[in-house]
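Both backbone and side-chain heavy atoms feed into the values below; hydrogens, waters and symmetry mates do not.
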Amino acid sequence: MTDVMINKEVEAFFAGKPETKALFMAVERKIRAIGPAIITVTKTQISFATRTQFAWVWMPQPTDRKRPLHSLVLSFGCGRQIVHDQIVEAIEPYPGRWTHHVIIAEEADLTAAVDAWMREAYQFSKTRGK
């Protein structure tokens, strides 16, 4: 899929939500700074992958009052559980594979810790299944 097609899909995903799109663009820049990633846009989320998917961005439901308005959820997978104040949930869907969720309500939420977790998730996706 070409970058033009992806850009159109991203535009459609965030139609009428410029604040949320700006947060996504900040997340995308952070991930692209780590290395090349395949971006897939679906009806409910945008995923990033190397060999396998390692990060997902999605919008909380408007009825979810626990999430700030115009926020995103950044989910990522790695081989260990990470406990940190920014992580609102961590689950182990498969042995040795943890999925973590971080709320991104403003660009300042993309901290050095989030950068480190994205690098870890990126590397984990490149080696998983080898």
Side-chain angles (χ1 to χ4, degrees):
M1 190 172 294
T2 68
D3 284 345
V4 172
M5 291 172 69
I6 299 263
N7 290 339
K8 286 181 181 179
E9 291 177 351
V10 167
E11 289 293 329
F13 189 90
F14 291 108
K17 299 177 176 80
E19 301 94 340
T20 312
K21 181 184 172 208
L23 290 175
F24 168 78
M25 299 304 289
V27 169
E28 182 185 20
R29 281 191 303 275
K30 295 273 188 183
I31 290 174
R32 288 202 182 271
I34 297 167
I38 300 163
I39 298 175
T40 304
V41 181
T42 66
K43 185 177 179 180
T44 59
Q45 68 184 15
I46 300 174
S47 65
F48 297 86
T50 60
R51 286 173 45 94
T52 59
Q53 293 180 346
F54 66 90
W56 304 263
V57 173
W58 47 281
M59 292 182 281
Q61 293 298 315
T63 56
D64 189 346
R65 306 240 185 267
K66 295 179 276 185
R67 307 287 193 240
L69 189 63
H70 306 299
S71 66
L72 290 175
V73 178
L74 171 60
S75 302
F76 65 93
C78 61
R80 65 183 178 102
Q81 181 181 16
I82 300 169
V83 177
H84 189 278
D85 289 345
Q86 274 192 274
I87 296 176
V88 296
E89 183 180 25
I91 58 170
E92 187 179 25
Y94 303 100
R97 191 162 91 199
W98 286 85
T99 301
H100 302 78
H101 305 290
V102 176
I103 303 300
I104 307 298
E106 57 188 352
E107 200 165 336
D109 293 330
L110 295 170
T111 62
V114 173
D115 286 348
W117 301 331
M118 289 301 98
R119 284 191 298 276
E120 183 176 342
Y122 186 90
Q123 290 305 317
F124 182 69
S125 75
K126 288 176 69 173
T127 60
R128 203 168 80 212
K130 283 189 175 179

Peer 1: To the nearest 0.5 Å, how far apart are SG in C78 and CD in Q123?
Peer 2: 12.5 Å
Peer 1: Does the side chain of H101 reach to within under 4.5 Å of the side chain of W58, using non-hydrogen atoms?
Peer 2: yes
Peer 1: If you define the side chain from C-beta out and look only at heavy atoms, does anything of K126 sit under 4.5 Å from F54?
Peer 2: no
Peer 1: Kindly determine whether F124 and T52 satisfy side chain to side chain contact (heavy atoms under 4.5 Å, CB included), including the steps that lead there.
Peer 2: CA-CA 9 Å; F124 182 69; T52 59; over 6 Å; no
Peer 1: Applying side chain to side chain contact (heavy atoms under 4.5 Å, CB included), run through I38 and T50 and close with a yes or a no.
Peer 2: CA-CA 6 Å; I38 300 163; T50 60; over 6 Å; no
Peer 1: Verify, without hydrogens or angle tests, whether E92 (side chain) and G96 (backbone) share a donor-acceptor contact under 3.5 angstrom.
Peer 2: yes
Peer 1: Looking only at heavy atoms, what is the nearest atom pair of P60 and L72, with distance?
Peer 2: CD-CA, 4.3 Å
Peer 1: Distance-only criterion, 3.5 Å: show the donor-acceptor pairs between side-chain atoms of residues 104-113 and protein atoms not counting sequence neighbours.
Peer 2:
residue: D109; atom: OD2; partner: A105; partner atom: N; Å: 2.7
residue: D109; atom: OD2; partner: E106; partner atom: N; Å: 3.1
residue: T111; atom: OG1; partner: Q86; partner atom: OE1; Å: 2.7
residue: T111; atom: OG1; partner: A113; partner atom: N; Å: 3.4
residue: T111; atom: OG1; partner: V114; partner atom: N; Å: 3.3

Peer 1: Which atoms form the tightest heavy-atom contact between Q45 and W56, and what is the distance?
Peer 2: NE2-CD1, 3.4 Å
Peer 1: Hey, quick one: are W98 and W117 part of the same hydrophobic cluster, counting side-chain heavy atoms closer than 4.5 Å, chains of contacts allowed?
Peer 2: no
Peer 1: Roughly how far, to the nearest 0.5 Å, is the CD atom of E120 from the CG atom of D115?
Peer 2: 13.0 Å
Peer 1: Once rounded to the nearest 0.5 Å, what's the spacing between atom CD1 of I34 and atom CZ of R29?
Peer 2: 13.5 Å
Peer 1: Please find the pair of heavy atoms, one from T44 and one from F13, that lie closest to each other, and give the distance.
Peer 2: C-CE1, 3.6 Å
Peer 1: Taking all non-hydrogen atoms of both residues into account, name the closest pair between T20 and S71 and its distance.
Peer 2: CG2-O, 4.0 Å
Peer 1: Locate the shortest heavy-atom distance separating A37 from R32; write the atom from each residue and the value.
Peer 2: O-NH1, 4.1 Å
Peer 1: Calculate, to the nearest 0.5 Å, the distance between atoms CD1 and CG belonging to I39 and N7 respectively.
Peer 2: 8.5 Å
Peer 1: Side chain to side chain contact (heavy atoms under 4.5 Å, CB included), that's the test. Do H84 and H100 meet it? Break it down for me.
Peer 2: CA-CA 10 Å; H84 189 278; H100 302 78; over 6 Å; no
Peer 1: Can you check whether M118 reaches K30 side chain to side chain, under 4.5 Å on heavy atoms?
Peer 2: no
Peer 1: Are F76 and I82 packed together at the side-chain level, in the sense that at least one heavy-atom pair is separated by less than 4.5 angstrom?
Peer 2: yes
Peer 1: So F14 and I46, do their side chains get closer than 4.5 Å, heavy atoms only?
Peer 2: yes
Peer 1: Return the minimal non-hydrogen interatomic distance between R51 and S125, and the atom names on each side.
Peer 2: CB-O, 3.4 Å
Peer 1: To the nearest 0.5 Å, how far apart are CZ in F48 and CD1 in I31?
Peer 2: 4.0 Å
Peer 1: Are any of the side-chain heavy atoms of V73 and V57 separated by less than 4.5 Å?
Peer 2: no
